Amino acid sequence: MTWLKILLIAIVVGGIIGYLTSGSKEGAKRGAASFGIGCGYILMHIFFAFIGIYLLFKLGEWLFF
């Protein structure tokens, strides 16, 4: 659940930055959405990298043991 905490923190920070730079609620919504999507995208790539490493080790185990 650590990834969920990271995602929520990124969304809150994005909302704050969006509000401070635009001064409106619409800017806060856009900032929160963009930070949330960006953070989710990075977390997804990390997840897929770990799946790839896991499959690589499973293939090596099957080939060499």
Side-chain angles (χ1 to χ4, degrees):
M1 286 301 200
T2 304
W3 61 271
L4 185 60
K5 292 176 186 175
I6 292 171
L7 187 61
L8 288 174
I9 290 170
I11 290 171
V12 169
V13 168
I16 292 170
I17 291 174
Y19 182 76
L20 291 176
T21 57
S22 70
S24 66
K25 289 183 181 180
E26 186 65 31
K29 291 177 190 175
R30 288 182 185 172
S34 65
F35 271 61
I37 291 170
C39 184
Y41 183 74
I42 291 170
L43 289 172
M44 184 181 66
H45 275 277
I46 293 169
F47 175 71
F48 287 140
F50 280 124
I51 288 176
I53 291 169
Y54 173 77
L55 291 175
L56 184 67
F57 276 111
K58 283 297 178 184
L59 179 66
E61 182 180 308
W62 179 72
L63 286 173
F64 299 114
F65 294 111

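The analysis underlying the following values was restricted to heavy atoms, covering all of them including side chains, and did not include hydrogens, waters or symmetry mates. From a predicted model like this one, the values you see are computed outputs, not experimental measurements.
- Clustering ILVMFWY residues whenever any of their side-chain heavy atoms sit less than 4.5 angstrom apart, transitively, puts W62 in a cluster other than the one holding F65.
- Both L8 and W3 are part of a single hydrophobic cluster, where members link through side-chain heavy atoms under 4.5 Å apart.
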I'd like a table of donor-acceptor pairs (distance under 3.5 Å, sequence neighbours excluded) in which one partner is a side-chain atom from residues 31-60, with atom names and distances.
from, atom 1, to, atom 2, distance (Å)
S34, OG, R30, O, 3.2
S34, OG, G31, O, 3.1
Y41, OH, H45, NE2, 3.1

